[in-house]
Colleague: 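Dropping the structure in here first, questions after.
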Amino acid sequence: MSPAALEDAALLERVGKGDEAALEVLYQRYGGACFSLARRIIDDPQLAEDVVQQVFLATWQGTGYDPSRGAVSTWLLSVTHHKAVDSVRREGNRRKRLASEQALLEVAATGLGPADETWQRLRADRTREALRLLPAEQREVLLLAYYGGYTQREIADMTGLPLGTVKSRTLAAMRRLRENLGSIA
Amino acid sequence: MTGSHERWAELAAGHALDALEPAEEAELMDHLEECETCRAALRDHEFVAAQLASLADEEAEAPPPWSAMRTGIIGDLAERRAARSRRPVLLGAAAAAAVVVAATVTAVSLGSGTSVRDQAVSACRAQAACHVVQLSRGSQERAVVIVHDGTARMVPTDMSAPTAGHVYALWQLPRDGKPTLLAEPLSQTGSAATPLALPYDNTAAFAISVEPAGAQATAPTTVVAVGTAAT
Ligand SMILES: [Zn+2]
C-alpha cells in the first residue's frame, strides 16, 4: 500500500471509532471525486448529492469496507458507482446523456481540478492513455457500462451484439486496461 | 484458468462495472465465497474501475461542502443514538412510543382545522419574495422555516419538547463555510422572526439542533431536522 492508502486506512479506522474529524478528512479528500463520478452518471445534481451522502453515511456506519479488498479510495468510488447506477436504474431518475467516447477521452486532458490535484491529474492522464490503447469496440462496451450505467444485457440490446460478445469484450477490456495501467496503485 | 472458469472471470468484470443482472450477481457472489482466484481477479477489476472514475472530473462542479453533508450523515446517526439512550430501558417499545407521543406538540390547531404551520405556509406563499423551507427527519417534516424580508422564523410541524437540560437551536448553513446560529434557545413551539446571518441566496440549508441549555452553541451538536434552501 502507498503511504496515502495507509493513511486512508488509518482514517477509516478512526471513523469506525466514531471520530467525526476523520470522516471529514476523508470527505475532503474523496468527496469531490465521488461527486464528480455520481454527476457523470446521474443527470440531477440533487440525486448525485444524495448518492454521495449515502456513501459517506455507509462509511460512518462502518458498513462494508474490507481492507483486503484494496484501497479506501477504490472502495469509496466503487460504492459511489454502485449507488449511482442504482439511482439511474430506479424509475424516474434520469441518466445523463452519455458523452461520446472521444469526448470522454478528451475531458481528462482539459478538465483539471484545483492545482494541487496533480496526482489526480496524472491518474486521469494515464487512464485516458490506457483507454486509448484499447480497440474501439472494447472501449465502447466498457464506457457504456461504467458511465452509461447500462447492464450488459441492455448494452447487447442497444448495440445489437450477442450478449456473450459484450461479456467477452468487457473482460478483455478490463484485463487490457489493467496491463496498460501498470503499477500506479 | 479453464475454459469454464472464463465465465466466472467475465462475471467478475461485469460486477466491477455494476453491469450484471441480479441473477448473475447472486450466482457470482456464491462463487466468490469459495474461489480465491476470482476474488483476486475482482480486486483487479475494481481497481481498474476506480481509475475510470478519474475521467469523471471534467465538470469542475464543486461538490457540496462538508457542512451541508454533515447534517445528513452525523446528525442523522447522532440523533438516532440519542433517541436510543433516551428511551426508558424497562418500558416496552409501545410504552416508549407513548411517552414520546405525549411529549409531542403537533402544530396547534386553529379553528377550522388550519394549523399554525399551514397558516404560516399559505400566508408566505401568498407573498412575493417569501420562501418556505421544510425541515425534515427522514421523510417526516418536523418544522418549516419561513424566510421573508431578511428574517427567518421557525414554525413547528411536529416537534417534541427537548429533553431535560436541552434546548433547540436554529442554524443557517451557507453554501460554503460553517453553520451560523440564528436563534437559541428555542422550544418546540418555534421562534419569532430572526434576522438572517447571510442572504437567502447564499443559503444551502436550515437546520434545527438540540443543544445543552445555558451555553450558546458554536456548532450544531445533534441535528434533528434539516431542510435544503431552494434556489
Ligand atoms: Zn472462480
Side-chain angles (χ1 to χ4, degrees), chain A residues 20 23-24 27-28 31-37 39-40 45 49 52-53 56-57 60-61 69-71 73-74 77-78 80-82 85-86 104 107-108 110-113 120 123-124 126-128 130-131 142 145-147 149-153 155 167-168 170-171 174-175 177-178 181 184-185, chain B residues 6-25 32 36 39-78 80-81 204 219 226 228 230-231:
Chain A
E20 188 190 322
L23 184 69
E24 183 176 353
Y27 181 78
Q28 302 298 4
C34 293
F35 183 66
S36 298
L37 175 58
R39 272 303 270 136
R40 198 70 203 69
E49 235 181 274
V52 176
Q53 178 156 317
F56 282 85
L57 181 60
W60 181 239
Q61 292 174 337
R69 294 264 306 268
S73 54
T74 300
L77 288 166
S78 107
T80 303
H81 187 263
H82 186 78
V85 163
D86 221 48
L104 265 175
V107 290
T110 54
L112 301 177
Q120 170 71 11
R123 200 168 67 111
R126 295 183 78 155
T127 306
R128 180 172 38 83
L131 266 178
L142 193 69
Y146 192 73
Y147 281 115
Y150 296 101
T151 66
Q152 294 182 324
R153 187 175 300 279
I155 295 169
K167 285 182 181 298
S168 57
T170 305
L171 176 60
M174 292 296 273
R175 283 179 174 162
L177 261 189
R178 184 70 190 91
L181 284 164
I184 65 164
Chain B
E6 201 65 0
R7 179 168 173 269
W8 294 120
E10 287 178 357
L11 287 179
H15 172 73
L17 299 167
D18 293 308
L20 299 182
E21 301 298 326
E24 295 172 318
E25 194 79 26
L32 286 176
E36 171 51 31
R39 284 202 297 271
L42 180 59
R43 276 197 294 277
D44 269 359
H45 293 320
E46 281 177 340
F47 167 76
V48 172
Q51 307 312 303
L52 288 175
S54 69
L55 295 186
D57 285 342
E58 89 271 30
E59 323 231 351
E61 200 178 329
W66 173 245
S67 56
M69 273 286 151
R70 187 195 172 280
T71 48
I73 299 169
I74 315 283
D76 212 40
L77 199 73
R80 251 179 276 138
R81 276 185 189 146
V226 64
T228 319
T231 43

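Per chain, numbering begins at 1; letters A, B, ... match sequence-line order. As a basis for the values below, the full set of heavy atoms in this structure was taken, side chains included, without hydrogen atoms, waters or symmetry mates.
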Colleague: Measuring from atom CG of B:Leu17 to atom CE of A:Met174, what distance do you get when rounded to the nearest 0.5 angstrom?
Modeller: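 Interatomic distance, B:Leu17 CG to A:Met174 CE, rounded to 0.5 Å: 4.5 Å.
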Colleague: Who among B:Ala68, B:Ala19, B:Ala13 has the most heavy-atom pairs with chain A under 4.5 Å?
Modeller: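 Winner by heavy-atom pair count: B:Ala19.
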Colleague: So, taking the atom named CZ in A:Arg128 and the one named CD in B:Gln51, what distance separates them when rounded to the nearest 0.5 Å?
Modeller: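 Taking CZ in A:Arg128 and CD in B:Gln51, the distance rounds to 14.0 Å.
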Colleague: Between atom CD of A:Gln53 and atom OG1 of B:Thr71, what is the distance when rounded to the nearest 0.5 Å?
Modeller: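 Output value for this atom pair is 6.5 Å.
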Colleague: Quick check: closest heavy atoms across B:Pro65 and A:Tyr27, and the distance to 0.1 Å?
Modeller: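 Heavy-atom minimum between the residues: C-CE2, 4.2 Å.
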Colleague: Given the options B:Asp44, B:Leu11, B:Leu20, which has more heavy-atom pairs under 4.5 Å with chain A than any of the others?
Modeller: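 So the answer, after comparing B:Asp44, B:Leu11, B:Leu20, is B:Asp44.
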Colleague: Heavy atoms only, distances under 4.5 angstrom: which of A:Leu23, A:Thr170, A:Val52, A:Thr80 has the most pairs with chain B? Name it, please.
Modeller: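 Result: the option with the highest number of such pairs is A:Leu23.
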Colleague: State which residues pass salt bridge (Lys or Arg N to Asp or Glu O under 4.0 Å) with A:Glu49; sequence neighbours excluded, sorted by chain then number.
Modeller: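 Testing A:Glu49 for salt bridge (Lys or Arg N to Asp or Glu O under 4.0 Å), a comparison that skips the adjacent residues, returns none.
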Colleague: Does the side chain to side chain contact (heavy atoms under 4.5 Å, CB included) test come out yes or no for A:Gln61 and B:Ile73, once each step is laid out?
Modeller: CA-CA 9 Å; A:Gln61 292 174 337; B:Ile73 299 169; over 6 Å; no
Colleague: Which distance, rounded to the nearest 0.5 Å, do you find between the CZ of B:Phe47 and the OG of A:Ser73?
Modeller: 9.0 Å
Colleague: Taking the side chain as C-beta and beyond, is there a heavy-atom pair between B:Arg70 and A:Glu20 under 4.5 Å?
Modeller: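 Contact flag for B:Arg70/A:Glu20 side chains = yes.
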Colleague: If you compare all heavy atoms of B:Pro63 against all heavy atoms of A:Gly32, which two are closest, and at what distance to 0.1 Å?
Modeller: CG-CA, 3.6 Å
Colleague: So which heavy atom on B:Ser54 is nearest to which on A:Thr127, and how close?
Modeller: OG-OG1, 3.4 Å
Colleague: Let me confirm one number: the CE-CH2 distance from B:Met69 to A:Trp60, rounded to the nearest 0.5 Å.
Modeller: 15.5 Å
Colleague: Under 4.5 Å heavy-atom distance to chain B, tell me which part of A:Leu171 shows up: side chain, backbone, both or neither.
Modeller: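 A:Leu171 touches chain B through backbone and side-chain heavy atoms alike.
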Colleague: Can you run down the salt bridge (charged side-chain N to carboxylate O under 4.0 Å, His left out) pairs that involve residues 10-21 of chain B, sequence neighbours left out, and say none if there aren't any?
Modeller: A:Arg153-B:Glu21
